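What you see below is based on every heavy atom in this structure, not just the backbone, and it leaves out hydrogens, waters and symmetry mates. Keep in mind that this is a model prediction, so the values were computed, not measured. Below, read A as the first sequence line, B as the second, and so on, with proteins coming before strands; counting in each chain starts at 1.
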2 protein chains.
Amino acid sequence: MKMNEGVEWALHSCVNLSFIPGETVTAKRLAAFYNLPTAYLNKQLQALNRAGILSSTSGPKGGFQLARRPDQISLLDIVVAIDGAEDAFRCAGILKDGPSGDPKADYRKTCLISQAMRTAELNYRRELAGQTIADIVHQVQTTFPDTPDNTRNWFANLKS
Amino acid sequence: MKMNEGVEWALHSCVNLSFIPGETVTAKRLAAFYNLPTAYLNKQLQALNRAGILSSTSGPKGGFQLARRPDQISLLDIVVAIDGAEDAFRCAGILKDGPSGDPKADYRKTCLISQAMRTAELNYRRELAGQTIADIVHQVQTTFPDTPDNTRNWFANLKS
DNA sequence: GCGATTGTACTCGGATACAAGTTGTCCGAGTAAGTGTGG
DNA sequence: CCACACTTACTCGGACAACTTGTATCCGAGTACAATCGC
């Protein structure tokens, strides 16, 4: 069970974008910030765009920016946008093929093992849904007060 | 983010084995119960054996059986045995490659995003660690009282 | 001099290769029972 | 009749392919700016 690597990139990029509200930043610069492969990060940003988390504009002076307020973007939103909405534990319903299996039954609900795994995973998602990008930004501001200005300056200086 | 399919098989097989305490059951029969590919299920059972959850004996009259009491086997034990102990969200520490990155710092602890993802995942695992095979068996007995006897009979009849 | 137009450089976007991990399969090592043989 | 050794059949165990999925890359569609040409 491993999560797409792009999730981490997307999370960090969204936090960075929230430091520069209103401005559009190209995938190239976002990638340069962490020395990431530009084209691949671009792909993740496209996914965020499709999910309505970012808005993109083409051409010169184009780039990405947050499509909503940071407090309206949960960590789960980003995870789902990049990694998909499917559950990690996919109950294949093997009970169906068992000796007393009923093909019509929905074993995702009756199978007790499936239930246990599902509720655990649901809590996981609930916790991720409860935290927003704004929360992370707030924590960063209190823990590392210099970081917001530093990143702002970095992106501003690279503009040349 | 998807979990190995074998986890489901392993969970169900452990529950089935707990219905037949003291007896050894071959991978072939465990697989036949759900119409699963025998060799592949065998592979999963090997992993459970290495993890100390099952004990295996070779040769005729050989097979697998639970190595511990069902109340000493948590769902997390099985998940870890099959799917590995690595976290789903592996913080690659991309902050290291950032403009003010410190190669010596352990960003798995300082990075706030990593912390948020990690705590959510930790709760997930804690919940899985809190439930044991015995709990599942107990729930099955109260919800589907016939199931234990049915499966016992099935394995007994196939013995011929 | 001013405006429309064309050209250009830069961006995202999706289609396309490459690598890795999961899924599935096969044959060999080891073991316990059954069988035949000699005492 | 009993004990021993051998054969045999059956099991796990790890090594070996096939395939799906994640990773990485490239080139085309579209856009805004800038330079150029005409009036």
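The aromatic rings of B:F155 and B:F33 lie parallel to each other, their planes meeting at an angle below 30°, with 60° marking the opposite boundary. Using the six-membered ring where Trp is involved, B:W9 and B:Y40 have ring planes that are perpendicular, over 60° apart on the 30 and 60° scheme.
Considering only the side chain of B:F64, D:dG13 comes nearest among C:dT25, D:dG13, D:dC26. The side chain of A:S58 lies closest to C:dC12 when the candidates are C:dC12, D:dT23, D:dG13.
Distance, A:R29 CZ to C:dC12 C1': 14 Å, rounded to whole Å. Spacing between atom NZ of B:K61 and atom C1' of C:dT31 amounts to 14 Å, rounded to whole angstrom units. As a whole-Å value, the separation of B:N4 CG from D:dT20 C1' is 13 Å. In this structure, the CG atom of A:L41 is 12 Å from the C1' atom of C:dC12, given to the nearest Å. D:dT21 atom P lies 18 Å from atom CD1 of A:I82, rounded to whole Å. Between A:M3 atom CE and D:dG22 atom P the separation is 12 Å, expressed in whole Å. For A:Q65 and C:dC12, the CD to P distance is 12 Å, given to the nearest whole Å. Distance, B:D83 CG to C:dG21 P: 13 Å, rounded to whole Å.
OP1 or OP2 of C:dG13 lies within a sub-4.0 Å distance of a side-chain N or O belonging to A:N49. Between B:S56 and D:dG13, a side-chain N or O to OP1/OP2 separation shorter than 4.0 Å is present. Contact annotation: A:R50 reaches the phosphate of C:dG14 (side-chain N/O to OP1 or OP2, under 4.0 Å). Between C:dG13 and A:N42, no contact under 4.0 Å exists linking OP1 or OP2 to a side-chain N or O.
Annotation: the span from B:D83 atom CG to A:F89 atom CZ amounts to 10.5 Å, rounded to 0.5 Å. Taking CD1 from A:I53 and CZ from A:F64, the interatomic distance works out to 12.5 Å, rounded to the nearest 0.5 Å.
Using a 4.0 Å cut-off between a side-chain N of Lys or Arg and a carboxylate O of Asp or Glu, A:R152 and A:D149 qualify as a salt bridge.
For D:dG14, the base has no donor-acceptor partner in the side chain of B:K43 [N/O atoms by modelled type, under 3.5 angstrom].
In the region residues 5-22 of chain B, proximity to DNA chain C at under 4.0 angstrom, judged on heavy atoms, holds for B:E5, B:W9.
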- After noting the C-alpha distance and the side-chain angles of B:V15 and B:H12, does the key distance pass the side-chain contact (heavy atoms from CB on, under 4.5 Å) rule? CA-CA 5 Å; B:V15 170; B:H12 277 280; 5.7 Å; no

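Nearest-nucleotide positions on DNA chain C place A:Q46 closer to the 5' end than the other of A:M1 and A:Q46. The 5' end of DNA chain C is approached more closely, in terms of each residue's nearest nucleotide, by A:K28 than by the other of B:P60 and A:K28.
At a threshold of 4.5 Å between non-hydrogen side-chain atoms, the residues B:L112 and A:T143 count as touching.
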